[in-house]
Amino acid sequence: MAQTFKFELVSPEAKLISEDVAMVTVPGEEGVFGVLPGHSPLLSSLQMGVIEVRKTGINDNNPRRVFVAGGFADVGAEHCTVLAEEAVDLANLTVAGVDAEVGKLEAAFGLAEGHEKARLAARIEVAKAKRAALA
Amino acid sequence: MPSLKEYRNRIASVKSTRKITSAMKMVAASKLRRAQENAQASQPYAAAMAGMLSRVASNLVVSPNLPKLLIGTGSEQTHLLIVMTADRGLCGGFNGNLVRFARQKIRELTAEGKTVKIVAVGRKARDLLRRDHKDKMVHSITDVGQKGKIAFSNADDVATYVLSQFDAGAFDVCTLVYNEFKNVLVQKPTAQQLIPFRLPAAGSNDNVTKIPYEFEPDEDALLSRLLPRNLAVQVYRAMLDSAAGEQAARMTAMDNATRNAGDMIKKLSLQYNRARQAFITKELIEIISGAEAV
């Protein structure tokens, strides 16, 4: 049994994941980093990307993959807390579904104006990143 | 004296009012439970955010290069008030108290010679403040969480607007005025300063060993990302508090209304019965005196 630490993924609306895991990789602002038990304390902001959660050990070939649209990570020796703005389990997404979302957003983007336009642009970027993560 | 029929109609109407208020009370009670659950669910994020901020703050060197969101613009001339109420009424003094509190605040600030701008969140704040502070109202947002649940994106909208105004230099100090949810019976109008943000006292609730943290990117850059996020978190928290308070206030108000309706029904029935008996007695007297005359 590999050593584990507490991994928590929280969004503003709820605590999404809280479990003991062996390793996670996190898309930090200055590059993806892995966290193992006993990591030195670190605060990092995140970029859009995929968090990989390995439960059984670093050789777990079937990690749980969660897409996050940015956020922050607080890492310590025995915990790793990720504050995510938007988080989706990639297992719940399909290529076709995300493609449809991108199409819908782009159609709305064509019609939107001003403030709304900037917001839709950001959402399209997130959706496209999701698409890239699935590929 | 009203006729028997009038009494009957009034009793029936008060009865149906009681039915409505007691149904509204039930609805408010179940919504309150949901609102409290939501407020609880947002706790971990807010706590983690506060923890991060205090950690960054404890490593921070005071310098004029810090983000303006933290140290302010150096002036205090223009104040932005975010006034947060419910969209609907029928919840006792919930909206009225808050708006009165906000007006007081506006009066104080204007008396000091400051410029005040208002962002109204919630239909009641917009309507009530528009009456006497129309010129100060710069933006209003309504229909927050109309589909049952307040989403973080609602708070994010407010925060985005406030930040864009701040970056444009439209105000110096931002204060959020909302009803703090103390308990089901007490909601307290509260003013909380958001910009410049007062950092939680470093390490006050943090008795974990003081291991030096690494920051990625450096403290200043991290802080400039955390602070805008924190603004949205604070607004979100206030929205949830306010929503729970609204339902609690409505529950109490409707409970009172139901009880009042009950009292009124009792009083009206008494009068009705008295009038009915008087009527019967009168008829009997007429019959008897008619029989005697024969």
Side-chain angles (χ1 to χ4, degrees), chain A residues 6-19 26-35 38-49 68-88 105 112 114-123 126, chain B residues 37-59 139 145 149-157 159-161 164-165 206 208-219 221-230 232-237 239-240:
Chain A
K6 188 97 178 156
F7 171 69
E8 289 188 330
L9 177 66
V10 286
S11 79
E13 282 155 25
K15 192 177 265 186
L16 301 173
I17 301 178
S18 173
E19 57 189 12
V26 183
E29 174 124 1
E30 293 174 349
V32 176
F33 59 87
V35 181
H39 196 285
S40 67
L42 169 75
L43 280 182
S44 173
S45 59
L46 306 183
Q47 50 175 320
M48 262 185 258
V68 288
F72 304 94
D74 176 355
V75 183
E78 281 152 15
H79 74 277
C80 171
T81 309
V82 173
L83 304 184
E85 279 138 49
E86 190 191 332
V88 211
L105 285 171
H115 171 63
E116 191 66 19
K117 200 158 185 139
R119 207 169 62 180
L120 280 170
R123 284 188 56 191
V126 170
Chain B
E37 275 165 17
N38 286 345
Q40 217 147 44
S42 76
Q43 276 300 316
Y45 190 91
M49 179 65 86
M52 277 190 187
L53 277 170
S54 75
R55 269 189 212 116
V56 180
S58 64
N59 278 278
H139 192 59
K149 194 173 179 216
I150 294 169
F152 185 68
S153 57
N154 291 131
D156 211 27
D157 285 347
T160 312
Y161 173 79
S164 69
Q165 291 294 304
D206 193 24
V208 195
T209 42
K210 282 263 164 206
I211 317 165
Y213 259 79
E214 269 178 62
F215 298 101
E216 210 183 285
D218 57 41
E219 289 95 323
L222 193 59
L223 199 59
S224 65
R225 283 176 183 70
L226 274 170
L227 284 170
R229 200 95 289 263
N230 182 56
V233 171
Q234 298 297 336
V235 174
Y236 184 56
R237 200 179 50 79
M239 277 180 174
L240 291 173

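In what follows, chains carry the letters A, B, and so on, assigned in the order in which the sequence lines appear, proteins first and then strands, with residues in each chain numbered from 1. Note: hydrogens, waters and symmetry copies are ignored here, and every other heavy atom, side chains too, is used.
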Task: Within 6.0 Å of CZ in B/R225, more than 12 heavy atoms from elsewhere - done: yes
Open item on the list: Out of A/S45, A/A14, A/G31, return the one with the most heavy atom pairs under 4.5 angstrom to chain B.
Closed with: A/S45
TODO: List in chain and number order the residues that pass ring pair (Phe, Tyr, Trp, His ring centres under 6.0 Å) with A/F72, two or more places apart in sequence or in another chain; answer none if no residue qualifies.
DONE: none
Task: Which of A/G28, A/S11, A/G70 touches chain B most, by non-hydrogen pairs under 4.5 Å - done: A/S11
- [ ] Check each atom of B/F152 against the heavy atoms of chain A and say whether the ones under 4.5 Å are side chain, backbone, both or neither.
- [x] both
Open item on the list: Can you tell me which of A/A73, A/S44, A/P12 forms the most heavy-atom pairs within a distance under 4.5 Å of chain B?
Closed with: A/P12
Open item on the list: Given heavy-atom pairs under 4.5 angstrom as the criterion, report whether the side chain, backbone, both or neither of B/L240 touches chain A.
Closed with: neither
Task: Under-4.0 Å salt bridge between A/E78 and A/K6 - done: no
Task: side-chain hydrogen bond (donor to acceptor under 3.5 Å, both in side chains) between B/S42 and A/E13, worked out - done: CA-CA 5 Å; B/S42 76; A/E13 282 155 25; over 6 Å; no
TODO: Below 4.5 Å from any heavy atom of chain B, which atoms of A/A77 appear? Answer side chain, backbone, both or neither.
DONE: neither
Open item on the list: What part of B/A232 gets within 4.5 angstrom of chain A, counting heavy atoms only: side chain, backbone, both, or neither?
Closed with: neither
- [ ] Drop me the distance from A/L83's CG to B/M49's CE, to the nearest 0.5 angstrom.
- [x] 5.5 Å
TODO: With sequence neighbours excluded, tell me which residues meet salt bridge (charged side-chain N to carboxylate O under 4.0 Å, His left out) with B/R229.
DONE: A/E85, B/D156
